[in-house]
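Here is the structure we will look at, set down as structure tokens.
We name chains A, B, ... by the order of the sequence lines, and we start the count at 1 in each one. All figures in this text were calculated on a predicted structure; none of them were measured in a lab.
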Amino acid sequence: MPKRWKETSVFESEFERNLFELRKSKLQQIEALGQAAYPNQFPFSHTLAAIRAEWNETTAESLEATRVTVAVCGRLMAIRAQGKAGFATLQQGGQRLQIYVRKDAVGDDGFALYKLLDLGDHIGVTGYLFRTRTGELTIHVERLTFLAKAMLSLPEKFHGLADLEMRYRQRYVDLFTNLDSREVFVKRSKVLKALRKYLDERNFLEVETPMMQQIAGGAAARPFKTHHNALDIDLFMRIAPELYLKRLVVGGLDRVYEINRNFRNEGISVKHNPEFTMLEFYQAYANYQDLMQITEEMVEYVAREVNGTPITEFNGRTIDLSKWTRLTMKEAILQYWPEEAGPKPATTAFENLDVLKARLVAAVDSLQKAIEAIKPVEPAPVAEGEAPSEPPVANVRLRELKTIASALIELGNEIEKNIPLGKAVYHLFEAVAEPFIYDPTIVYEYPTVVSPLSKQKPDDPEHVERFEFFVGGFELGNAFSELNDPEEQHKRFEDQLKERAAGDDEAHAMDEDYVRALSYGLPPTGGEGMGIDRLTMLLTGKKSIRDVILFPLMRQEKAKEEEG
RNA sequence: GAGCUCGUAGCUCAGCUGGUAGAGCAACGCCCUUUUAAGGCGUGGGUCCUGGGUUCGAAUCCCAGCGGGCUCACCA
């Protein structure tokens, strides 16, 4: 049996149900004044932004001398009534503008309508610009038009919607009550525009490849599974567009890019959302060196387009996206090697698993001594009404060292299982270097064993022409010279199958059609992927990926009542 | 998955060592023709996340659960 409207869980309380009824009766009164309850359009002459752009600095005298009549619309965000007159604040396009309504200017019906308005209502007004006693640019309203009613009450007008859960779940409220939130998504759109502009100007072709795939390839990750009924086949949501994009380069589309969602069935964190947006681009006849240059240039370009500067504040640090460092993976390990872990690994540690293992054992030992030596500092008591200060430096370092130590212990256990040397070096890099790389850094020379799709260095088959780039403590992207030898690719897939058989459920799947595509000849090609959510985080200073995704994945709320 | 932490009116929050729930905003009524977190007077509004337990008595203490946040784990 269908539920009656009033019993739906649209409403959170009796308070809201009653308010809804009250607003309905106001709507009827508004109709009685000759206004439509839900009109279709309003022909405005200016956006609020346009008014700000043109008259923000115009003096009161000048506005009085040359009367400017405008028609604007927006949502009411504040109402300050004063008997037979009143002010209100209109919000539209992320801008606000004050309006002034006087009974003698809008007439009895117009003023009756003003009295029936609530916070959140949409209205249109026609009138002329003036400045109030305090100098604020204001529209002196001559005609009010009702446009749509807010049937629920708005969040507290001074603090806005503060509850993070509600901001994520009810983003529609967050967006109009917290304009800084809106600004993040405006910037996100600028990031996408800037990337497209950069690539389009270089003759890249934007393409779209399957997001439902029979083999989820192109990355190491667990996929989501779904099913097509008519064909009765299982499909995977893609974890990367990589293999399809390279098929396109085989097909003669020399420069392609795709900006869209990838889906990975993994944990959720401040840096991870199950669906996330990725840019991937491929350029024929280029190698990873060319990509390094493009990366540095493109990130800086986007920062300037979005923020007007390559400087950004992130997680309490100032980052200059125009200044890049390039390190080999081993250099990065040595540079970020914590002094508390004792002597840095010798060159031989990167060539021999046993030597590496011995160094790790010593490092863990040294780290544990250092950890014991640090006395955690009691955080300063928080005075009433003050924000808690940053945690003491010693405590932060203590936590970091603990994290490194446990990662190294874990790595030691992995080595016991005789993992390939390259994989061990890579994990070592992830443990000691990656989380600490704040300034823009390109890390190159990756072990072949962790790079099944990259091309080996001509003089060193143990390493590939690949780099990842890191900013703000996380990986921003990944790029390499594409492996285009079909026989070698087939062998790498086979190796991955062995890894999978050995228990690595994120090892790459075999994709024979991809090998077949390579068999027709992929020109030398450089390809790169970049996380757009993370780039947006950097450029907006947001620490959590949820703050740059409009509708981040949330657990389902417990049903408030049985479904009817 | 683990640890820490939070959940009180539509919203933002207070509520001490247990004594039966408060403020501001929002809402409703009245006053107010240059206000701007407008103001003044008055009114209504609560399954204190849920379920157990301890107690004469629980928003408060204990246990379990649900949901959020952070940290860790997971995650090229």
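In summary, the side chains of Gln98(A) and Thr138(A) do present a donor paired with an acceptor at a separation below 3.5 Å, with no hydrogens or angles considered.
Shown here, G24(B) forms a base pair with C11(B); the pair counts as Watson-Crick or G-U wobble because both key distances fall under 3.5 Å. G51(B) is paired with C63(B) under the Watson-Crick or G-U wobble criterion, all donor-acceptor distances under 3.5 Å. Both distances falling under 3.5 Å, in either a Watson-Crick or a G-U wobble arrangement, place C41(B) opposite G29(B).
When distances run from any side-chain atom of Lys84(A) to the nucleotides G67(B), U33(B), A37(B), the shortest one goes to U33(B). Nearest nucleotide to the side chain of Asp118(A), out of U35(B), G67(B), A27(B): A27(B). In this structure, the nucleotide among C75(B), G24(B), A38(B) sitting nearest to the side chain of Arg80(A) is A38(B). Taking the side chain of Phe15(A) as heavy atoms from C-beta on, and the options G67(B), C13(B), G44(B), the nearest nucleotide is G44(B).
Nucleic acid contact class of Asn18(A) (heavy atoms, under 4.0 Å, all strands): none. Across all strands, Gly160(A) comes closer than 4.0 Å only to sugar-phosphate atoms, never to a base (heavy-atom distances). At a threshold of 4.0 angstrom between heavy atoms, the contacts of Glu266(A) are confined to the sugar-phosphate backbone, with no base atom among them. Looking at heavy-atom distances under 4.0 Å, Glu14(A) makes no contact with the nucleic acid at all. Across all strands, Leu152(A) comes closer than 4.0 Å to no nucleic acid atom at all (heavy-atom distances). Across all strands, Arg167(A) comes closer than 4.0 Å to no nucleic acid atom at all (heavy-atom distances). Note on Phe130(A): a base of the nucleic acid sits closer than 4.0 angstrom, heavy atoms only. Within the nucleic acid shown, Pro452(A) comes within 4.0 Å of at least one base atom, counting heavy atoms only. Residue Thr403(A) is in sugar-phosphate contact alone, with no base atom involved, counting any heavy-atom pair closer than 4.0 Å across all strands shown. Using a 4.0 Å heavy-atom criterion, one finds that Ala78(A) contacts no nucleic acid atom at all. Among the protein residues, Lys423(A) comes within range of no part of the nucleic acid, since none of its heavy atoms lies under 4.0 Å from any strand.
Side-chain atoms of His159(A) stay outside donor-acceptor range of the base of C11(B), with no qualifying N/O pair under 3.5 Å. No hydrogens or angles were tested; on distance alone, a donor-acceptor pair under 3.5 Å links the side chain of Gln98(A) to the base of U35(B).
Using a 4.5 Å heavy-atom threshold, the side chains of Val70(A) and Trp55(A) count as touching.
If you look at Tyr100(A) and Phe87(A), their ring centroids are closer than 6.0 Å. Residues Tyr446(A) and Phe467(A) place their aromatic rings such that the two centres sit no closer than 6.0 Å. In this structure, Tyr444(A) has its ring center no closer than 6.0 Å to that of Phe469(A).
Following rounding to the nearest Å, Glu410(A) (CD) and C74(B) (P) show an atom-to-atom distance of 5 Å. Taking atom NE2 of His140(A) as the reference point, atom C1' of U33(B) lies 9 Å away to the nearest angstrom.
When the C1' atom is compared between C66(B) and G51(B), the two are found 10 Å apart, to the nearest whole Å.
In summary, of the residues considered (Lys423(A), Lys417(A), Arg492(A)), a salt bridge (charged side-chain N to carboxylate O under 4.0 Å, His left out) with Glu499(A) occurs for Lys423(A) alone.
With RNA chain B read from its 5' end, the first of the two nearest nucleotides for Met166(A) and Thr132(A) is the one closest to Met166(A). The 5' end of RNA chain B is approached more closely, in terms of each residue's nearest nucleotide, by Met554(A) than by the other of Arg264(A) and Met554(A).
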